[in-house]
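Take a look at the structure set out below.
Per chain, numbering begins at 1; letters A, B, ... match sequence-line order.
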Number of protein chains: 2
Amino acid sequence: MQDPTEVFRALADPTRRQILKALKRKDLPAGEITAMFNISFPSISRHLSILKAAGLVSERRQGNSIIYSVNSEHLALCLSEFISAVCPTEIIERHRSRKKP
Amino acid sequence: MQDPTEVFRALADPTRRQILKALKRKDLPAGEITAMFNISFPSISRHLSILKAAGLVSERRQGNSIIYSVNSEHLALCLSEFISAVCPTEIIERHRSRKKP
DNA sequence: ACAATATTTAGCTAATTTGCTAAATAGTTA
DNA sequence: TAACTATTTAGCAAATTAGCTAAATATTGT
C-alpha cells in the first residue's frame with residue numbers, strides 16, 4: 001500500500017465523509033450531491049476532486065452528467081491496513097464482528 | 001460514536017501515524033519519541049497533544065517522564081465504524097481476514 | 001454551429017496547521 | 001528549597017485548506 005496520507009486527509013473533512021456516505025446508497029452526479037449541502041457547487045467539485053485524488057471515488061460520464069461512486073475497496077483496504085499496523089491482534093479480533101448500531 | 005473529525009485529522013499527518021506505530025511496539029516517553037524523528041521536541045509535544053485530544057493516546061507519569069501509549073480500542077472503533085458506514089457488507093467481509101503482509 | 005446544461009478551473013480571503021526558538025511549568029532528587 | 005530533567009506553552013513565519021464568485025470547458029440536443 002502506498003502512503004495513505006491523501007486518504008486520511010481526504011477523510012478529515014466532514015463534508016467529504018458525508019459525500020462518501022451518500023454515495024454508499026447510490027451513485028450520484030455532482031449536481032445532486034451539491035443539492036444535499038449548503039455549499040456552493042465549485043466547493044463540492046473541489047471536494048470531489050480531492051476524494052478522487054485519494055482514490056476514494058471514481059467518476060463516469062453518463063449523458064450530460066458525471067456520476068460519482070465510492071471505491072469502497074480502496075477505502076476498506078487503507079483503513080484496515082492501518083488498523084493492523086497500530087492495533088494488537090486481540091483488539092482487531094474484537095472489532096471483526098462489529099455492525100453499525 | 002461522536003464526531004470522528006478529530007480522529008481523522010490526527011491521522012492525516014504522517015508523523016503522527018509514525019508515532020502511533022512506534023507506540024504499538026512499546027509505550028514510550030515523549031523524549032524517546034522525539035529521538036526517532038528529525039523534528040524538534042516542542043513539535044512532537046504538539047503532535048502528542050493532538051493525538052491525545054483525538055483520544056488516540058493516553059499518558060501516565062512515571063518518575064520524571066510522561067509515558068505515552070496507544071488507545072488501540074478507540075482507534076479500531078472509529079475506523080471500523082466508518083468503514084461500516086461507507087462500505088457494503090460484502091467488501092467488509094473480504095477485509096476481515098486481512099493480516100499485515 | 002448554437003444554445004443549454006453540468007461541471008471544473010482561477011483567483012481571492014480568512015482560518016488553520018506545521019515547523020521553529022525561547023520561555024514557562026511540573027515533578028524529582030540532592 | 002534549589003537545582004535538575006522532562007515536557008508544554010507562547011509567539012512567529014510559511015504553507016495549506018475551505019469557502020466564495022466569476023469565468024472557462026465539455027457534452028448534449030436543436
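Between the P atom of D/dG19 and the CD1 atom of A/I44 lies a distance of 8 Å, rounded to the nearest Å. Between B/I50 atom CD1 and D/dT9 atom P the separation is 12 Å, expressed in whole Å. We find that CZ of B/R17 is positioned 15 Å from C1' of C/dT18, with the value rounded to whole Å. The CD1-C1' distance, from B/I66 to D/dT8, rounds to 8 Å in whole Å. As rounded to whole Å, 6 Å separates atom P of C/dT8 from atom NZ of A/K52. Spacing between atom CZ of B/F41 and atom P of D/dA10 amounts to 17 Å, rounded to whole angstrom units. B/F8 has its CZ atom 17 Å from the P atom of C/dT17, to the nearest Å. Computed from coordinates, the A/E6 CD to D/dT16 P distance equals 13 Å when rounded to whole Å.
Interatomic distance, B/I91 CD1 to A/S72 OG, rounded to the nearest 0.5 Å: 5.0 Å. One distance of note links CD of A/E73 with CZ of B/R94; it measures 4.5 Å at 0.5 Å rounding. Here the CG atom belonging to B/N64 is positioned 7.0 Å from the CZ atom belonging to B/R61, to the nearest 0.5 angstrom. Distance check: B/I67 CD1 to B/Q62 CD gives 4.5 Å after rounding to the nearest 0.5 Å. Going from atom CG of B/N71 over to atom OG of B/S58 covers 3.5 Å, rounded to the nearest 0.5 Å.
Among the protein residues, A/S45 comes within range of the nucleic acid bases, having at least one heavy atom under 4.0 Å from a base atom. B/I33 comes within contact range of no nucleotide atom at all, as no heavy-atom separation falls under 4.0 Å. Note on B/I67: nothing from the nucleic acid sits closer than 4.0 angstrom, heavy atoms only.
Of the residues near DNA chain D, A/D13 and A/P42, the one whose nearest nucleotide (by heavy atom distance) lies more toward the 5' end is A/D13.
Not one side-chain nitrogen or oxygen of B/R46 sits closer than 4.0 Å to the OP1 or OP2 atom of D/dT7. Listed pair B/R61 / D/dT7 fails the phosphate criterion, with no side-chain N or O lying under 4.0 Å from OP1 or OP2. Not one side-chain nitrogen or oxygen of B/S43 sits closer than 4.0 Å to the OP1 or OP2 atom of C/dG19. Side-chain N/O atoms of B/H47 include none lying less than 4.0 angstrom from OP1 or OP2 on C/dT17. Taking side-chain N and O atoms only, B/Y68 has no distance below 4.0 Å to OP1 or OP2 of D/dA6.
B/F8 and B/F82 have perpendicular rings, their planes meeting at more than 60° on a 0 to 90° scale where under 30° would count as parallel.
Closest to the side chain of A/N64, from the set D/dA18, D/dC20, C/dA6, is C/dA6. Closest approach to the B/R9 side chain among D/dT8, C/dG19, C/dT17 is made by C/dT17 (side chain taken as heavy atoms from C-beta onward). When the nucleotides D/dT7, D/dG19, C/dT7 are ranked by their closest atom to the side chain of A/S65, C/dT7 comes out on top. The side chain of A/I39 lies closest to D/dG19 when the candidates are D/dG19, C/dT18, C/dT9.
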